[in-house]
K.L.:
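Once you've had a glance at the structure underneath, I'll fire off some questions.
In the text below, chain A, chain B and the rest are named by the order of the sequence lines, each starting its count at 1.
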Amino acid sequence: MPEGTTKPGASDASRRLEKTFDPASFEQKWYRSWEAERRFEPSGPASSPRFVMVIPPPNVTGRLHIGHALGRTLEDVLARWNRMRGHRVLWVPGTDHAGIATQMVIERQLASEGIDRRTLGREGFVARVWAWKREAKDTIQTQMKRLGCSLDWSRERFTLDPDLSRAVRHAFVQLYREGLIYRGRYVVNWCPRCGTAVSDLEVVHKEVDGKIYQIRYDVPGVRSGAVVATTRPETMLGDTALAIHPEDPRTAKLRGKTAVLPIVGRELPIVEDPILVDRAFGTGIVKVTPAHDANDFSTAERHNLPAVVVIGPDARMTKEAGADFAGLDRFEARKAILERLASENRLVATEDHRYALGHCQRCDTIIEPYLSTQWFVKIQPLADPAIQAVQQGAVRFVPESWAKTYFAWMENIHDWCISRQLWWGHRIPAFYCENGHITVSEEDPKACATCGLGRLEQDPDVLDTWFSSQLWPFSVFGWPEETTDLKVFYPTDVLVTGYDILFFWVARMIMAGLHFTGKAPFHTVHLHGLVRVGGEKMSKTKGNVIDPIEAIDEFGADAVRFALAAAASSGPTVSLEKQRLSGSRAFATKLWNASRFALGQFDPERPDGTPPRDLELPDRWILSRLSYAAGEVARQLELFRFDEAAQAIYSFLWHELCDGYIEMVKPRLSGPGASTESREAARQTLYRCLADSLALLHPFMPFVTEEIWEKVTGQVGTLIVTAFPRQRPEWSDPGAERSVEALRALVTRVRNYRGERSASPTEPVELSIDPASAPEILSDLRNLSAILVHLARLSDLRFEAPLEGATRDVVAGAAVGLSLPRPASSADRSRAEKTLSELDREIETLSAKLRNPSFLDRAPAPVVEKTRRRLAELEQRRSALSGATA
RNA sequence: AGGCGCGUGGCUCAGUGGUAGAGCGCUUCCUUGACACGGAAGAGGUCGGUGGUUCAAUUCCACCCGCGCCUACCA
């Protein structure tokens, strides 16, 4: 096959598209072009509205997954759409150091080399992480460029950059001085494997099947002693009291007594505590282990009880646990203690028990509540304004149902443990002198602020990674400096992210933004769903992971983007199947081929897309539909309904433009009988539809639309800044829509009739339209008769009452007769009878309704009227059809 | 335990107080000068169950069943 057989006048290669659609051949070219033309930087007059987003900075732990691709696609759709509607758009890129997650990645790497991070030392280890970070950042950047993200790379940031680190330090110092950061000894969530404290949010609760043990403690003076229940017998070595409810008659005899801790022999006061003890549960007696349970810790504070740490940071029993158990792992200790209790006859009962147990979000190790000195943010004073901001509408969630979840969490929020016993992150700016004083300051202090001692040591710990992420919407612009960028681009407009980090990040950004800048960091939060495949979370073990780059290689970036946007409904899951990807690629191919056809019509002179005055019915119809589609895309995008917006442009382009309009006008474009004026009207209309479709689709499929745009308009790389098409009231033409829809219905009816009569598509069918029917569309139908004959492949079309023997029907209000030059078979007749009985059923339903007095009485008049009309239509069809079969 | 959400054709999902929609898949036909990653026609659903409100419920309410997710200090 000779490539590109030339048609007369079609020799200009710049106006031709290759026969095969190959996205890889142009994607990178266009991204480089946009970058070179600095299209991703905010531009346009300062008076035009701005649209600002910050990227949720991906962790520098590795590669982006398909979930990132979803979020970035939605953001890019918004960025490109707003750019095209004339906004000054800024979308800030960057990455997150992701303290614990990244440190773990490197530790795993080291482990595979047989190295422990401690042998490298803190500096050596951190240097190694930095080297990794540079690599990971490049990978991530390349991935986002492949996806087409129109991020302003000149403003790229990293949470450990010097200026962002300064923001972190400033925020810490400010909160400390305001009394909103404090240091203290409390029970925190401790991961023994990671060797660090974690926040409540980093603990994943999972149901486990375990046992609950009842243990008898001796109580001098009470023969039966005290039986307590526990799921964690190993912690009993750290008991410092028993607790009962002050109003529980069952345990009244224990009041004021002292119990003896088995094995250890320690005397335990029996305290009365209505908060800790639930009268309705178990024996009504609770063991109090202040060092290993947060509730017990606060109980101990209320009653002035000591805390004994019996499990160390490595989850092994401490010296305090006694010589028999010290050094044992916590679960080995449990076994040993149970054996001892059993041998002492103190184990009263062992029952199966299902309960929730905290696991480390990162490594799945069972979390140990651990008494240690940590830094905390006092959160209530920050949470209150953040609650109000959402209540008062300064920040809104889309979908709005997330506000409920937000409130529920914010209203029961606990202080935030922000210190981490890690090496990778922002070091806590607290310095200790030998006298135990703390100096907190933005610059490294030379001497203790309290006693002036010169020898200071900085706190070895780092901050929770989210402490810096919460500052992201303003730290990227140079806060706390009053930079120009901060003034111009903050607060931002929209934040797009998955709902899984609503608490981790979104809520904290709102709190931090309000506290540090006095402004909510964005007015709208769009929370999208999580990507699932076949209803399941993607996981490497299930082998259903879709890698975005592999998908782009296979289907093209535009198809990946379109599939993601089209799948992004308002629900909590975004279901992505491979078939969706191939379906989106087919759509891109369809656009490609339709454009090839159109380009063939635009020679030798390129139309300018100005529809002439003497438009014909199909032209007016498609422009009316185009205008509607343009309005619909914008309306849906306003609502963050990316799926509906994608659907609107999809069905216009494929079903109306390609299947409808192009097929209707082919004879006018290339047929011998068409007049120059008629051809010109079709060319201009086709050009307008194609150019506007490219623009409407560009936010979703930037590469292929830019590629075709060049061929269609002759402009290179300008689609990205072309005005987004708007709904045009002057193009709205309900009359043309009605007539052309009627035409399409007639064509379908004829094809359908061939099916009923088992006729081949080429068998001649005669159609007659009764001129007495449907007077309002009759003249339009006469105008459209050439198209009707062509599309329906009619052998004859007459505007007269149906002939004897024809199959009668009513289509779009017009009484028609259809006939083939051969008699109907019995099969044909039974099909017709089936249609009739279906009609009868529906007629009966409707007339029953209209016979119902309360329906007539209470239903609104338009509904009754509509029902009447529908019934009349059905009866008309019925009598037409039965006339033919009778 | 509480909260939120979901249960619609084979699959994945939209949607609405007035006799159900899309994409994919399936069946049949069509290699017609843009496109077989295509065109045409078609089959396929008591909208989880039971009650209630209503002239009318897939849509609103209650309860139940099933499935997710989030939050949670019941020893």
K.L.:
Classify the nucleic acid contact of A/Arg641 as base, sugar-phosphate or nothing, counting any heavy atom under 4.0 Å across all strands shown.
P.N.:
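Contact class for A/Arg641: sugar-phosphate only.
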K.L.:
For nucleotides B/U28 and B/A43, find the distance between their C1' atoms and express it as a whole number of Å.
P.N.:
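My reading of the C1' atoms in B/U28 and B/A43 gives 10 Å.
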K.L.:
Identify, between A/Ser569 and A/Lys287, the residue whose nearest nucleotide on RNA chain B lies closer to the 5' end.
P.N.:
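Its nearest nucleotide being more 5', the pick is A/Ser569.
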K.L.:
Distance check, P atoms only: B/C70 and B/C64, in whole angstrom units.
P.N.:
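Pairwise P distance, B/C70 against B/C64, rounds to 24 Å.
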K.L.:
Rounded to the nearest 0.5 Å, how far apart are CZ of A/Phe652 and SG of A/Cys689?
P.N.:
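Rounded to the nearest 0.5 Å, the CZ-SG separation comes out at 4.5 Å.
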K.L.:
After noting the C-alpha distance and the side-chain angles of A/Gln601 and A/Tyr687, does the key distance pass the side-chain contact (heavy atoms from CB on, under 4.5 Å) rule?
P.N.:
CA-CA 9 Å; A/Gln601 313 305 316; A/Tyr687 181 94; over 6 Å; no
K.L.:
Using the P atom as the reference point in each nucleotide, state the distance between B/G7 and B/G15 in Å, no decimals.
P.N.:
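Rounded to whole Å, the distance is 9 Å.
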K.L.:
Need one value for A/Thr845: base, sugar-phosphate or nothing, where a base atom within 4.0 Å counts as base even if backbone is also close, heavy atoms only.
P.N.:
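Answer is nothing: A/Thr845 stays at 4.0 Å or more from every strand.
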K.L.:
Has A/Lys666 got more than 12 heavy atoms of other residues, nucleotides or ligands less than 6.0 Å from its NZ?
P.N.:
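More than 12 within 6.0 Å, yes.
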K.L.:
With P as the reference atom in both, quote the distance from B/U12 to B/U50 in angstrom, rounded to an integer.
P.N.:
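About 24 Å, rounded to a whole number of Å.
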K.L.:
Scan nucleotides 35-41 of chain B nucleotide by nucleotide, 5' to 3', and note B when protein non-hydrogen atoms come under 4.0 Å of the base, S if they reach only the sugar-phosphate, - if neither.
P.N.:
B-BSSSS
K.L.:
Taking only side-chain nitrogens and oxygens of A/His790, does any of them come within less than 4.0 Å of OP1 or OP2 of B/U32?
P.N.:
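No, A/His790 has no side-chain N/O under 4.0 Å of OP1/OP2 on B/U32.
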K.L.:
Between B/C70, B/C13, B/C73, spot the one nearest the side chain of A/Ser575, thanks.
P.N.:
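Taking heavy atoms from C-beta onward, the closest nucleotide is B/C13.
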K.L.:
Inspect the contact between A/Glu844 and A/Arg851 and indicate whether a charged nitrogen and a carboxylate oxygen are less than 4.0 angstrom apart.
P.N.:
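So A/Arg851 pairs with A/Glu844 through a salt bridge.
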K.L.:
So what does A/Arg870 hit on the nucleic acid, given a heavy-atom distance under 4.0 Å: a base, only sugar-phosphate, or nothing?
P.N.:
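Here A/Arg870 touches the bases of the nucleic acid.
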K.L.:
Determine whether a donor-acceptor pair (N or O, by modelled atom type, separation under 3.5 Å) exists between the side chain of A/Arg250 and the backbone of A/Arg279.
P.N.:
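Yes, the answer is positive, given that a donor and an acceptor are paired below the 3.5 Å cut-off.
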K.L.:
Just call it for A/Leu276: base, sugar-phosphate, or nothing, with non-hydrogen atoms closer than 4.0 Å on any strand.
P.N.:
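Base, at least one base atom sits under 4.0 Å.
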K.L.:
If you measure from the C1' atom in B/U16 to the same atom in B/G2, how many Å do you get, rounded?
P.N.:
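That atom pair is separated by 32 Å.
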K.L.:
Across the strands shown, which category fits A/Leu657 at heavy-atom distances under 4.0 angstrom: base, sugar-phosphate, nothing?
P.N.:
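If one applies the 4.0 Å heavy-atom cut-off, A/Leu657 turns out to touch nothing in the nucleic acid.
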K.L.:
According to the interplanar angle, ranging from 0 to 90°, do the rings of A/Phe640 and A/Phe642 count as parallel (below 30°), tilted (30 to 60°) or perpendicular (above 60°)?
P.N.:
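The arrangement is perpendicular - the two ring planes meet at more than 60°.
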K.L.:
Return the nearest nucleotide to the side chain of A/Arg580; candidates are B/U12, B/C73, B/C70.
P.N.:
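The answer is B/U12, which lies nearest to the side chain.
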K.L.:
Report which part of the nucleic acid A/Ala408 touches: base, sugar-phosphate, or nothing (heavy-atom distance under 4.0 Å, all strands).
P.N.:
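Here A/Ala408 touches no strand at all.
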K.L.:
Just by distance, with hydrogens left out, do A/Tyr753 and A/Arg757 show a side-chain donor and acceptor under 3.5 Å apart?
P.N.:
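A/Tyr753 vs A/Arg757: donor-acceptor pair found between side chains.
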K.L.:
Is it true that A/Glu756 and A/Arg749 have a side-chain N and a carboxylate O under 4.0 angstrom from each other?
P.N.:
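A salt bridge is present here (some side-chain N lies under 4.0 Å from a carboxylate O).
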K.L.:
A/Arg754 vs A/Val765, test: side-chain contact (heavy atoms from CB on, under 4.5 Å). Steps then yes/no.
P.N.:
CA-CA 8 Å; A/Arg754 280 204 181 84; A/Val765 168; 3.7 Å; yes
K.L.:
Excluding sequence neighbours, so at least two apart, what forms salt bridge (Lys or Arg N to Asp or Glu O under 4.0 Å) with A/Glu875?
P.N.:
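Partners of A/Glu875 by the salt bridge (Lys or Arg N to Asp or Glu O under 4.0 Å) criterion come out as none, since no residue qualifies.
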K.L.:
How is A/Ala566 classified with respect to the nucleic acid when contacts are heavy atoms under 4.0 Å: base, sugar-phosphate, or nothing?
P.N.:
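No contact.
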K.L.:
Among the nucleotides B/A22, B/A75, B/C73, which one has an atom lying closest to any side-chain atom of A/Gln647?
P.N.:
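Selected nucleotide: B/A22.
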K.L.:
Respond yes when some side-chain nitrogen or oxygen of A/Thr230 is under 4.0 Å from OP1 or OP2 of B/A75, and no when none is.
P.N.:
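For B/A75, OP1/OP2 do not have a side-chain N/O of A/Thr230 under 4.0 Å.
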K.L.:
Using the criterion of both pairing distances under 3.5 Å for Watson-Crick and G-U wobble pairs, give all stems of 3 or more consecutive pairs involving RNA chain B.
P.N.:
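The stems are B:1-7 with B:65-71, B:10-13 with B:21-24, B:26-30 with B:38-42, B:48-52 with B:60-64.
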K.L.:
Under the rule for side chain to side chain donor-acceptor pair (under 3.5 Å), what residues qualify as partners of A/His655, not counting sequence neighbours?
P.N.:
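Scan of A/His655 (side chain to side chain donor-acceptor pair (under 3.5 Å), adjacent residues dropped) gives A/Asp659.
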K.L.:
Considering residues at least two apart in sequence or located in another chain, which fulfil the side chain to side chain contact (heavy atoms under 4.5 Å, CB included) criterion with A/Thr350?
P.N.:
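Side chain to side chain contact (heavy atoms under 4.5 Å, CB included) check on A/Thr350 returns A/Lys211, A/Tyr213, A/Leu347.
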K.L.:
Among B/C70, B/A75, B/G18, which nucleotide sits nearest the side chain of A/Asp278?
P.N.:
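Of the candidates, B/A75 comes closest.
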K.L.:
What does nucleotides 4-11 of chain B look like as a protein-contact string, B for base, S for sugar-phosphate only, - for none, at under 4.0 angstrom between heavy atoms?
P.N.:
S-------
K.L.:
So does A/Glu632 pair up with A/Arg635, basic N to acidic O under 4.0 Å?
P.N.:
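Yes, A/Glu632 and A/Arg635 are salt-bridged.
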K.L.:
At under 4.0 Å between heavy atoms, what does A/Pro853 touch on the DNA or RNA strands: base, sugar-phosphate, or nothing?
P.N.:
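The residue A/Pro853 makes no contact with any strand.
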